[in-house]
Amino acid sequence: MNSIIEKRIGIPQLKERIVSAEEAAALIPDGAVVGMSGFTRAGDAKVVPMALVERAKKEQFKIDVYTGASLGPEVDHYLAEAGVIRKRGPYQGERAMRNLINKGDILYVDAHLSHNAELVRQGIIGPIQYAIIEVCAITEDGLLIPTTSVGNAPIFAQYAENIILELNISHPETLIGIHDIYVPGPQGEREPIPLTNANQRIGEKGIRVNPEKIKAIVISEEPDAPSLIVDPDEETQRMANLLLDFFRSEIKAGRLTNQLMPIQSGVGSVANAVLDGFKESEFENLQVYSECLQDAVFNLIDAGKVNFASATSITLTAEAQQKVYGNIEKYIDKICLRPQEISNHPEIVRRLGLISINAALEVDIYGNVNSTHVAGTKMMNGIGGSGDFARNARLTIFVTKSYAKGGAVSSIVPMVSHHDHTEHDVDIIVTEQGIADLRGLAPKERVPLIIENCAHPDFKDQLWDYYHRAVEKYGNVQTPHILEEALSWHVNLLKNNTMKKEVEVK
Ligand code: COA
């Protein structure tokens, strides 16, 4: 046996359970509920899902797949296209999977990422017949050491009847020590989660399981699919600059210091541009308490701007993978990966006072946010962790360009066509046009800020026209709307591919 493999399996009896990916895939029965490791393309099961794709060429079967969040192409592209997935949760972000969901071929349970573990505990997700978990080692005392994400792997490992491990030897053994596995007890008997600073470790370095449940170990050398970050364009850079100036004004007002508060940022180019903007700035001693650590976080650690970063996954471009995993020792005492139940836990998000930055598809004139459904019907990706953070953060910020589809779509609309984040959870809206600070404002006070500061000039008159007619027709009520017209912009989009009013709704 390869000496690396020998060294990475600390329990001698488990070495006898090494099998091929095909043999492991054959264990999974038709109709099984399967929990897989993986979060934002990191630390996901890869070779067993591809063996399931091969199996599907010879035999018809379907499984329900639950994960941490989005996975690489092995599951969310190939497994989906092979027709193997009956139901998928709690998040995906891949075009092939999205198309199958919107065709009705895959059922999709789009859920807050901090909620999944509780659903597993209650048996709403489950019984889980198999957990498939990528690990970089199994220690002598029986701990599974995850790789580049933790996600829901601990709860799947705890509740699954059987476990298949993908021992991925392409991940360095030096990853041991970056994970902090704390699993809360049952509700009603639970202690407060003892985390009062993003940089604390409160759990074990790996996932404790009963080794008897490990039915197969498959050796893998497949790297994580690299992240596909788009470099900021002029408009995303402007949004990032607006946010940095907003933080400066908060410091002037005495509400923040130049250490800010721990930052959570969704994956995407604006978030990356904001983080990059910290590099040459006066901000210092920053902390990150987020879901996913992207390239920019490691650049900030290198620049001495971030002193600690906590998340549940590390998702990097190919170039950054080389830099970070080749020098992981350098980062080991500055980063920590936790279960998503902890990285996204409302108790911690509120206690630490996070600044939360996520993206919206559309925002309405009163500050409600739609992050998931195009024209209220078609799934884009899912709510992910945005709801966990938005409701509980100290400062909840949503960013979006003011327009989409080459200008045919306004991202500021009379009424959002799907509510992910209600007006009660949204503090700041940023588009390339400007910023709207909605804190402490009544709905009608928000309208001018959102239209004047954030809407695209092509749609401002149309938005004002809607609002004024709403007040005229239904009175100066708390939240004026013309209900029979509120979603007409989306109807127009579906019928005529534009929200512009010259093309009237027929
Ligand atoms: N109407 C219709 N389509 C719209 C739209 C709108 N108002 N706004 C954006 N889009 C389309 C874009 O055209 C683009 O489509 P394409 O892929 O076919 O080109 C797509 O949505 C993505 O938009 P983009 O502007 O590139 O934004 P993004 O990559 O930053 O993604 C979200 C924005 C909202 C889809 C994404 O951030 C998301 O899924 N968020 C929810 C989950 C989340 O917040 N996760 C992090 C939590 S911690």
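Everything numeric in this text was worked out from a predicted model, so none of it was measured. All ligand and atom numbering here is 1-based and tracks the order in the structure.
- Using modelled atom types and a 3.5 Å distance limit, the side chains of Arg41 and Ser149 yield no donor-acceptor pair.
- Of the N and O atoms on the side chains of Tyr289 and Asn199, not one donor lies less than 3.5 Å from an acceptor on the other residue.
- Judged by distance alone, the side chains of Asn197 and Gln287 do bring a donor and an acceptor atom under 3.5 Å apart.
- Within 4.0 Å of ligand 1, counting heavy atoms only, the contacting residues are Tyr91, Arg95, Gln264, Gly266, Glu291, Asn358, Ala359, Ala360, Leu361, Ser371, Val374, Met380, Asn381, Gly382, Ile383, Gly385, Ser386, Ala404, Lys405, Val409.
- A salt bridge is defined here as a Lys NZ or Arg NE, NH1 or NH2 lying under 4.0 Å from an Asp or Glu carboxylate O, and Glu235 with Arg238 fails to meet this definition.
- Ion pair Arg394/Asp427 not flagged as a salt bridge, since none of the NZ, NE, NH1 or NH2 atoms sits closer than 4.0 Å to an Asp/Glu carboxylate oxygen.
- Between Asp76 and Gln92, the side chains place no donor N or O within less than 3.5 Å of an acceptor N or O (distance only, hydrogens not considered).
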